[in-house]
Structures are given as C-alpha cells and as structure tokens.
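Have a look at the structure below, then the notes.
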Amino acid sequence: FLWVLSWFYLVYDSPEQHPRISLEERDYILHSIGDYRQRSNLKTPWRSILTSGPVWGIMLGHTASLWGNYTIHQQLPTYMSNVLGFNLQLTGILSSLCFVLQWLVCIFASWLTDWV
C-alpha cells in the first residue's frame, strides 16, 4: 500500500507535468528522449510477442521455477515434521530460512545485475 502512495506522489505521465524537477532537468530529459508524443501512437506487436520462441521459453521456465519454488515452500514444513521428525517450532524456523535466503538472493542479484 505504501509503495502505491509513493508511486502516485512521485510519478507523472510526462516531464512537463512533473512539479518537482528543475527546468534544466526537464529540458535534458525531453532532449534525450526526443518527441515522445509521436511514439504514443505505436501499436504493441502482440502477434510477434506471442509467437516468439524466446518469450515462450522465458514464460515456461519461469512457470516451472515458480511451481518448484512454491511446492517446496508449501510442502517443506510437512516433510520436515512428518518424515524427518522435527518439532513444529524448529520446522517453522528452518522453513522460514527459504524465504529469508530468497530475499537475500534477490537483493544481491538486483545489485549484481546493475554491474552486468
């Protein structure tokens, strides 16, 4: 919820509408991107996107990755409790490590992608 309020406060449709940037910054942005109003009439090439092999590869790979990730997250506490015999408190702590490590990897990976 907080990010939505921040988005509505900070983001505008065009540099001309933005009240918190200087004239120099606005002119720089407009000069860098050119006449953005001409590009607003472009149509999205949906047919090319939906028939693209790389797009389908990314979608299928991401779907499979998410399925495996959510399956592990949902079934790991049950497995650790029923099969390995861990008590429920320890199972909860160990199961939460998946989420903590996932968060840490996402933070590190997002930093790393800025340098790649």
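In this structure, I72 is not a member of the same hydrophobic cluster as L101, with clusters built from ILVMFWY side-chain heavy atoms closer than 4.5 Å. F108 and V105 are assigned to two separate hydrophobic clusters, defined by single-linkage of ILVMFWY side chains at heavy-atom distances under 4.5 Å. Using a 4.5 Å cut-off between side-chain heavy atoms of Ile, Leu, Val, Met, Phe, Trp and Tyr, with links allowed through other members, V11 and W3 fall into the same hydrophobic cluster. Side-chain heavy atoms closer than 4.5 Å link hydrophobic residues (I, L, V, M, F, W, Y) into clusters, and following such links, possibly through other members, connects L90 to V83. Put simply, L94 and F99 are part of two different groups of oily side chains (I, L, V, M, F, W, Y) that touch within less than 4.5 Å, one to the next.
Scanning for side chain to side chain contact (heavy atoms under 4.5 Å, CB included) contacts around Q89 gives N87, I93, with sequence neighbours left out.
For the pair P19/Y12, a side-chain contact is recorded, criterion being any heavy-atom separation below 4.5 Å from C-beta on. Here the side chains of Y28 and E25 are not in contact, with every heavy-atom distance at 4.5 Å or above. R20 places a side-chain heavy atom less than 4.5 Å from the side chain of L10.
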Side-chain donor-acceptor pairs of residues 54-70 under 3.5 Å, sequence neighbours excluded:
from	atom 1	to	atom 2	distance (Å)
W56	NE1	L50	O	2.4
T63	OG1	M59	O	2.7
N69	OD1	H73	NE2	3.1

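Dense packing is recorded around CG of L5, with more than 12 heavy atoms of other residues, nucleotides or ligands lying under 6.0 Å away. Atom CD of Q17 sits in a crowded spot, with more than 12 heavy atoms from other residues, nucleotides or ligands closer than 6.0 Å.
Closest of all the heavy-atom pairs between P15 and I21 is O-CD1, 3.7 Å. What you find for L76 and C98 is that their closest heavy atoms are CD2-SG, 3.6 Å.
Side-chain contact annotation: E16 with S14, donor-acceptor N/O pair under 3.5 Å present.
Note that CG of L104 and CG of L97 are 10.0 Å apart. Values are rounded to the nearest 0.5 Å. To the nearest 0.5 Å, atom OG1 of residue T78 and atom CD of residue Q75 are 5.0 Å apart.
Formation of a donor-acceptor pair under 3.5 Å by the S110 side chain with backbone atoms of C106 is found in this model. Side-chain N or O atoms of H31 include none that pairs as donor or acceptor with a backbone N or O of R26 at under 3.5 Å.
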